[in-house]
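A, B, ... follow the sequence lines: proteins, then strands. Residue 1 opens every chain.
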Amino acid sequence: MTAPTELVKGNASALILSCLATEPMHGYRIVKELEQVSEGYFAMREGTLYPHLHHLENDGLIEGCWETVTGGRERKMYRITESGTAELARKKREWETFQANVDRVLHLQPEGSGA
Amino acid sequence: MDFLTGIENLLDMPAAEKVEVMRELTAHYDDLCREMVASGVSDSQARQGAAQRLGAPAEIAARLNAAHNTASWKSAVLCVVPFAASAMYLATSAMRLASGVRYAVLIAIGVVMLATSARELLRGRRPIWLATWLAAGLMCIPGLLYPLGSPPSLMAGMRAAAFAVLLLAMLVLILGLATRRLLTTVVIACALAALSAACLLLTMSWVPVVIMALCAVVLLVLVARLIFQAHPYGTRIEAPLFLLAVFALRFAHPAPASDASFQALATGLCGLAVVWFTRAPRHLTKALVCFYAFFVYAFVEAWGLTVFTYSEQLPLYLYLLSPILSLAFLAGSGYLIMPMLREGAERNRLTIAR
């Protein structure tokens with residue numbers, strides 16, 4: 001099963017920031033990391049990752065620079081900034097609050113069910 | 001044309017940024033191909049598979065354009081072509097050329113603008129210059145309906161406005177985006193158009209003019225929203241640009257010779273604002289430029305109307321129409337610009353936090 005596109009789109013920044021919080025990565029690695037950690041749930045159209053990365057870079061939440069990786073190939077590596085880390089913490093809190101409230105509403109018991 | 005060239009052709013940003021973006025996309029594409037070849041597929045299958053995994057070129061390019069948010073000089077120039085064409089048409093009035101010549105110029109501008117816009121829309125593309133080209137094309141429609149060789153009388157103008165409203169209503173319906181709320185709006189607009197036509201037959205004065213003008217504004221805001229803001233490949237910065245162009249080009253056709261020079265000047269100023277808008281790097285800057293240009297144009301237009309036409313003792317409806325239309329366009333653009341202003345505030349918050 002894969003995640004609904006709209007959900008991924010709405011939470012893409014948090015997912016990317018979370019990946020980059022572990023170590024600096026280039027776009028291709030971010031996609032692989034997301035797929036691997038989520039066991040294929042976050043399978044995105046990979047081209048749409050770059051607009052998200054560029055938005056985050058414009059906002060100063062991540063910074064990118066060209067580096068030579070294994071095999072002498074050049075890749076643009078992204079790393080999270082201080083404000084990116086703060087933004088990620090804020091997004092995590094926001095998500096936890098949202099999730100807790102959705103859970104509460106979804107687990108409402110019908111009246112007289114004896115719960 | 002291969003996959004990467006397809007994306008590159010649709011990217012609209014300064015050359016240096018374009019090179020950087022393409023370098024990054026090419027690296028990703030190469031990594032995907034390498035991975036697939038390693039898994040045992042042929043080169044051509046790998047290229048096909050990599051393209052599929054990256055997604056549709058039009059979608060990738062549109063999202064990247066929105067993220068970079070600064071168009072190239074080529075697009076900025078294309079954006080002002082309709083203003084230059086409009087100034088040319090106004091010049092034919094100022095030079096008091098024969099009405100046949102003026103009409104031929106208007107037909108040429110209208111056909112080129114509408115045909116080019118239709119081609120881009122049918123191909124599912126939303127270049128930034130489409131906003132001003134479509135606006136110019138739509139604004140030519142009422143002019144094209146004027147009878148050849150005679151200045152537009154109130155009746156002819158009203159009939160043209162009624163046709164314009166109905167055409168726009170049909171356009172919204174044909175686009176297949178008529179949800180219940182939109183459909184209600186279109187039905188109300190058509191009913192008001194019919195009412196206005198009835199008022200014409202009863203030779204009522206300014207009431208139908210105001211109704212028609214407001215209907216046209218509502219429908220133009222809807223078109224701006226549906227074609228640019230809400231479209232998956234459109235960006236929301238194009239919607240207020242479309243309205244700005246409509247607003248600026250609105251008076252470009254039935255120009256009496258005495259007003260034509262003034263109108264050409266105002267149109268030229270608006271063209272400069274459009275270049276500024278297109279090249280401005282951030283959404284917030286663009287939103288403010290748009291508001292500023294609307295405001296300045298409304299002011300200049302009101303001043304020009306008073307100075308140049310008051311002595312001619314024009315009917316009351318012309319004096320009422322200008323401020324009503326200005327306010328309506330400002331409200332419509334404000335509605336479309338609000339998300340950009342909110343985004344600007346959010347970015348400011350991030351900057352302060354940093």
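- For B/Glu35, the CD atom is densely surrounded, since the number of other residues' heavy atoms within 6.0 Å is greater than 12.
- Closest approach of B/Ala66 and A/His55 over heavy atoms only: O-CE1, 4.2 Å.
- Proximity to chain A (any heavy atom under 4.5 Å) is shown, for B/Ala50, by neither the backbone nor the side chain.
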- Using the side chain to side chain contact (heavy atoms under 4.5 Å, CB included) rule, take B/Arg23 and A/Lys76 through it: C-alpha gap first, then chi angles, then the decisive distance, then the call. CA-CA 9 Å; B/Arg23 195 174 158 200; A/Lys76 191 172 180 184; over 6 Å; no
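- Options A/Glu74, A/His26, A/His52 differ in how many heavy-atom pairs under 4.5 Å they form with chain B, and the most are formed by A/Glu74.
- Contact record, B/Arg63 with A/Pro51: CB-CG, 3.4 Å, taken as the closest heavy-atom pair.
- Crowding of A/Glu82 atom CD: a count of heavy atoms from other residues, nucleotides or ligands under 6.0 Å not exceeding 12.
- Atom CD of residue B/Glu24 and atom CH2 of residue A/Trp66 lie 5.5 Å apart, to the nearest 0.5 angstrom.
- Using a 4.5 Å cut-off between heavy atoms, B/Leu64 touches chain A through backbone and side chain atoms alike.
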- Task: Carefully, step by step, assess B/Ile60 and A/Tyr50 under the rule side chain to side chain contact (heavy atoms under 4.5 Å, CB included).
- Result: CA-CA 8 Å; B/Ile60 298 170; A/Tyr50 290 96; over 6 Å; no
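- One finds a salt bridge joining B/Asp31 and A/Arg75 here, because a Lys/Arg side-chain nitrogen approaches an Asp/Glu carboxylate oxygen to under 4.0 Å.
- Only the side chain of B/Glu59 has a heavy atom closer than 4.5 Å to any heavy atom of chain A.
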- Is there a side chain to side chain contact (heavy atoms under 4.5 Å, CB included) between B/Glu17 and A/His54 once you walk through the steps? CA-CA 11 Å; B/Glu17 285 179 41; A/His54 296 179; over 6 Å; no
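- Residue contact with chain A, scored on non-hydrogen atoms closer than 4.5 Å, is absent for B/Ile7.
- At most 12 heavy atoms of other shown residues, nucleotides or ligands fall within 6.0 angstrom of atom CD in A/Gln36.
- Neither the backbone nor the side chain of A/Glu57 comes within contact range of chain B; no heavy atom of the residue lies under 4.5 Å from a heavy atom of that chain.
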